[in-house]
A.B. asks: 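Supplied in structure tokens, the structure appears directly below.
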Amino acid sequence: MAPWPELENAQPNPNKYLEGVTSQQPTTPGKGKETNKNDTGSPVTKIELLPSNSTVALIEEPTEVADPWDLPELWDTGIKWSERDTKGKILCVFQGIGKFILLLGFLYFFVCSLDVLSSAFQLVGGKVAGQFFSNNSIMSNPVAGLVIGVLVTVLVQSSSTSSSIVVSMVASSLLSVRAAIPIIMGANIGTSITNTIVALMQAGDRNEFRRAFAGATVHDFFNWLSVLVLLPLEAVTHYLEILTDLVVETFNFKNGEDAPALLKVITDPFTKLIIQLDKKVISEIAMNDEAAKNKSLIKIWCKTLTNVTQMNVTVPSPENCTSPSLCWSDGLYTWTIKNVTSKENIAKCQHIFVNSNLPDLVVGTILLLVSLLVLCGCLIMIVKLLGSVLRGQVAIVIKKTLNTDFPFPFAWVTGYLAILVGAGMTFVVQSSSVFTSAMTPLIGIGVISIERAYPLTLGSNIGTTTTAILAALASPGNTLRSSLQIALCHFFFNISGILLWYPIPFTRLPIRLAKGLGIVSAEYRWFAVFYLIFFFFLTPLAVFGLSLAGWPVLVGVGVPIIFVILLVVVLNLLQSRCPRILPGRLQNWNFLPLWMHSLKPWDDLISLFAGCCQNRCCLCCRLCCRTCCLLCGCPPCCRCSGCCQNLEEEPELPIKVPEAFDNVAMSREAPDGPPQAQGEAGGTRSTASSTAL
């Protein structure tokens, strides 16, 4: 059989496949050809068909499946620097400087919006969070303490706020260190919701969303897995309490300076013009102060003067006098001299809600919507600017710097160096939420890989605890010991988690779990919202409600659920690793209804509700959609105006390919076939050829 012709040498000339076909020039019979004469005596040239060549084999060749987690190539589609003239080079330099300034500006407003978002959450749920802490009867339950820490940190969007409340309660003897440790663990989980919310802003592109959501949730999985192992260990051995108590007793700590608030110096001048909060109110509510429940969290007076004066006051009996020498009686009342503190308001704060007289809930809702809008807009612009700046050689240098390991003997050092970098950066910006949220869009566009983001996130966890330790060292003398011990508990908890889930590559389960969740969330994007609501709101609230009913109810409901979850995990592992040891019915989940082991029916149901305004809308939906289209000036073929107009589907045009890719020899073999069949065969061949190309 003749060899396969190369595609690039194919010519749309069928004569090359027929031997003996003559062209316009006169030819003479030569070697290899036979010339016969027919009855009339005219010469006839024999036509000898060459072997047919088909392109079907090209379709059957196996194609390599691309890894969805490979970092994309950020190609530079603009004009090369060497091809620019002097004017173009100067313009390119000024464009780069302008993009850099815009990037810094949007990053500044992004960080400020995170700060305002935290204040908004405190206004909406701060008092509720304080009431969670005020119920001391269930604090002895470590599971209840864990979910309280999660809920409070999610509501106030700040682990430092929830930690400061715990420190105040421990210093006031309202809470023991043993009961405070699970709350600190829960605060560590709750603080990871911020970068997960930021990842939702990149849901427009599936590939970016897959990487961004996986990079954000790797923090969640690390915290959840660490709690699943260390909380029972702490409940049995109390190793964190014993270790931190030993450290505090060994080192004679003294009051030091406060932690340097480097980022606050830049952002506070802007955020204080929007809102200022009196965070002492939440701590007072947590310590069962009834008067604090009617106070507003919005700070009104920023400058006050406290006067201490001696006044004559009446007391019930001489035993209540300050001293016997300062106690006398006039026959009716017993008098003494006491120091009376009076507070004088001098200057009001300068934020926009200082004279609004609106309830905390209304102000919090307004700030929540505005901060989310600004956060989303800034994130979109940051992603666009990074996508335009990180092109070509710049992207190659940055990606190599961030994602390349050291040479072979020292490759393991790279991850630990990334942990130190993450800890240092978090110490500088004074917030793990800010650092991980700023890193999320970089993961989405493919500058940082998931494997490199994981140690950076672990370093961020350590960095936020070192900030808490420095803040504890600056505490007053009565709270120094308790605040320092709790900060050290937070530090050693994160160190223990790193020892569990990082040194051995096989134990880096958070990376695999985050990638699996990223793939599912990219295919069914509504599942990301369900994940947030279920794991950060519904599950903690359910556990908290069961804890209020007592230990027996919590154990009776929780143990069967945990048993079912473990059974499902074990069956999944056996089905993927060694299905032969399982019965035939249990080798897959097909024996269950489809909605119990697949998200496809749920996706169809949600798409049905979400797409009700895209096909045949009710009158209200159509009016709203038309109004939207008129306001935003949508073209007739845009997606959002699909329900306003019934767009006709354009017929699919057939692709015409060169004749060289048709099997000419095969078409000549059956000339007697019906014309319709020939047309269909030709169409089939054209489709196959175009697919191969």
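FYI, side chains are in, hydrogens and waters are out, and symmetry mates aren't considered; it's all heavy atoms of this structure. Everything numeric here is computed off the predicted structure, so don't read it as measured data.
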A.B. asks: With side chains defined as the heavy atoms from C-beta onward, is the minimum distance between Phe537 and Ile193 less than 4.5 Å?
C.D. replies: yes

A.B. asks: Quick one: are Leu599 and Phe527 in side-chain contact, heavy atoms under 4.5 Å?
C.D. replies: yes

A.B. asks: How far apart are the C-alpha atoms of Phe106 and Phe109, what are their side-chain angles, what is the distance that settles it, and do they pass the ring-ring contact (aromatic ring centres under 6.0 Å, His included) test?
C.D. replies: CA-CA 5 Å; Phe106 283 118; Phe109 285 110; 7.6 Å; no

A.B. asks: Considering all heavy atoms of both residues, which atom of Ala418 and which atom of Arg452 are nearest to each other, and what is their separation?
C.D. replies: CB-CD, 4.1 Å

A.B. asks: Rounded to the nearest 0.5 Å, what's the gap from CD1 on Ile183 to CG on Leu146? Could you check?
C.D. replies: 9.5 Å

A.B. asks: Which value, rounded to the nearest 0.5 Å, describes the distance between Ile366 atom CD1 and Leu361 atom CG?
C.D. replies: 10.0 Å

A.B. asks: Counting neighbours of CH2 on Trp602 that are heavy atoms of other residues, nucleotides or ligands and sit closer than 6.0 Å, is the number greater than 12?
C.D. replies: no

A.B. asks: Please report the shortest heavy-atom distance between Thr507 and Trp501, naming the atom on each side.
C.D. replies: O-CE3, 3.2 Å

A.B. asks: Take Leu532 and Leu200 through the side chain to side chain contact (heavy atoms under 4.5 Å, CB included) test and state the conclusion after the steps.
C.D. replies: CA-CA 10 Å; Leu532 275 180; Leu200 293 177; 3.4 Å; yes

A.B. asks: Counting only N and O atoms by type, is there a donor-acceptor contact under 3.5 Å from the side chain of Asp603 to the main-chain atoms of Tyr524?
C.D. replies: no

A.B. asks: With a 4.5 Å cut-off on side-chain heavy atoms, are Pro510 and Leu225 touching?
C.D. replies: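 Answer yes - side chains close enough.
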
A.B. asks: Would you name the heavy atoms of Thr217 and Ala514 that are closest together and state the gap between them?
C.D. replies: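 Shortest heavy-atom contact: OG1-CB, 3.7 Å.
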
A.B. asks: Counting N and O atoms only, with roles assigned by atom type, does the side chain of Ser371 sit under 3.5 Å from a partner on the main chain of Leu368, one being a donor and the other an acceptor?
C.D. replies: yes

A.B. asks: Supply the atom-to-atom distance Thr194 OG1 to His219 NE2, rounded to the nearest 0.5 angstrom.
C.D. replies: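 The distance works out to 10.0 Å.
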
A.B. asks: Is the Tyr454 ring parallel, tilted or perpendicular to the Phe222 ring (thresholds 30°, 60°)?
C.D. replies: perpendicular

A.B. asks: Is there a side-chain contact between Val124 and Leu155 (heavy atoms, below 4.5 Å)?
C.D. replies: no

A.B. asks: Would you name the heavy atoms of Gln575 and Leu586 that are closest together and state the gap between them?
C.D. replies: NE2-O, 2.9 Å

A.B. asks: Test Val568 against every option in Leu571, Leu566, Val570, Asn572 by the side-chain contact (heavy atoms from CB on, under 4.5 Å) rule and name the one that passes.
C.D. replies: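 For Val568, the side-chain contact (heavy atoms from CB on, under 4.5 Å) check succeeds only for Asn572.
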
A.B. asks: Any idea which heavy atoms bring Arg525 and Ala203 closest together, and the distance?
C.D. replies: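 Scanning both residues, the minimum pair turns out to be NH1-O, 2.6 Å.
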
A.B. asks: For side chain to side chain donor-acceptor pair (under 3.5 Å), just list the numbers for Thr191 and Ser433, CA-CA rounded to whole Å, side-chain angles, deciding distance to a tenth of an Å, and then say yes or no.
C.D. replies: CA-CA 7 Å; Thr191 191; Ser433 299; 3.2 Å; yes

A.B. asks: Taking Ser437 for its side chain and Val434 for its backbone only, find out whether a donor-acceptor pair lies under 3.5 Å.
C.D. replies: no

A.B. asks: Determine, stepwise, if the pair Tyr531 / Thr196 fulfils side chain to side chain contact (heavy atoms under 4.5 Å, CB included).
C.D. replies: CA-CA 10 Å; Tyr531 162 80; Thr196 311; 4.3 Å; yes

A.B. asks: Kindly assign one of parallel, tilted or perpendicular to the pair Phe534 and Phe530, based on the angle between their ring planes and the thresholds 30° and 60°.
C.D. replies: parallel

A.B. asks: If I take atom NE2 from residue His597 and atom CG from residue Asn588, how far apart are they, to the nearest 0.5 angstrom?
C.D. replies: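 Reported to 0.5 Å precision, the distance equals 8.0 Å.
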
A.B. asks: Any heavy-atom pair between the side chains of Phe110 and Leu107 that's under 4.5 Å?
C.D. replies: yes

A.B. asks: Any non-hydrogen side-chain atom of Ser460 less than 4.5 Å from a side-chain atom of Met425?
C.D. replies: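 A side-chain contact is absent here, since even the closest heavy-atom pair is not under 4.5 Å.
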
A.B. asks: Considering non-hydrogen atoms only, spot the tightest contact between Ala528 and Phe209 and give its length.
C.D. replies: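 Scanning both residues completely, I find the closest heavy atoms to be CB-CZ, 3.7 Å.
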
A.B. asks: Does a side-chain heavy-atom distance below 4.5 Å link Asn188 with Met185?
C.D. replies: no

A.B. asks: Would Ile498 and Asn461 count as a side chain to side chain contact (heavy atoms under 4.5 Å, CB included) if you check the C-alpha gap in whole Å, the side-chain angles of each, and the deciding distance to 0.1 Å?
C.D. replies: CA-CA 10 Å; Ile498 291 175; Asn461 269 1; 5.9 Å; no

A.B. asks: Measure the CD1-CD distance between Ile581 and Gln587 for me, rounded to the nearest 0.5 Å.
C.D. replies: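 Nearest 0.5 Å value for the CD1-CD distance: 10.0 Å.
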
A.B. asks: Can you check whether Leu573's main-chain N or O pairs, donor with acceptor, with Ser576's side chain at less than 3.5 Å?
C.D. replies: yes

A.B. asks: Measuring only between side-chain heavy atoms, which start at C-beta, is Ser607 closer than 4.5 Å to Trp526?
C.D. replies: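 Counting from C-beta outward, Ser607 and Trp526 never come under 4.5 Å.
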
A.B. asks: Is there a side chain to side chain contact (heavy atoms under 4.5 Å, CB included) between Thr440 and Met201 once you walk through the steps?
C.D. replies: CA-CA 10 Å; Thr440 299; Met201 308 302 175; over 6 Å; no

A.B. asks: Of all residues at least two apart in sequence or in a different chain, which pass the salt bridge (Lys or Arg N to Asp or Glu O under 4.0 Å) check with Glu234?
C.D. replies: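 Listed in chain order: nothing, the list is empty.
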
A.B. asks: Is the number of heavy atoms from other residues, nucleotides or ligands within 6.0 Å of CD1 (Ile504) greater than 12?
C.D. replies: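 For Ile504, atom CD1 is not crowded (no more than 12 foreign heavy atoms under 6.0 Å).
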
A.B. asks: Just verifying a value: how many Å separate Leu228 CG and Leu500 CG, rounded to the nearest 0.5 Å?
C.D. replies: 11.0 Å

A.B. asks: Any salt bridge between Lys600 and Glu523, counting N to O under 4.0 Å?
C.D. replies: no

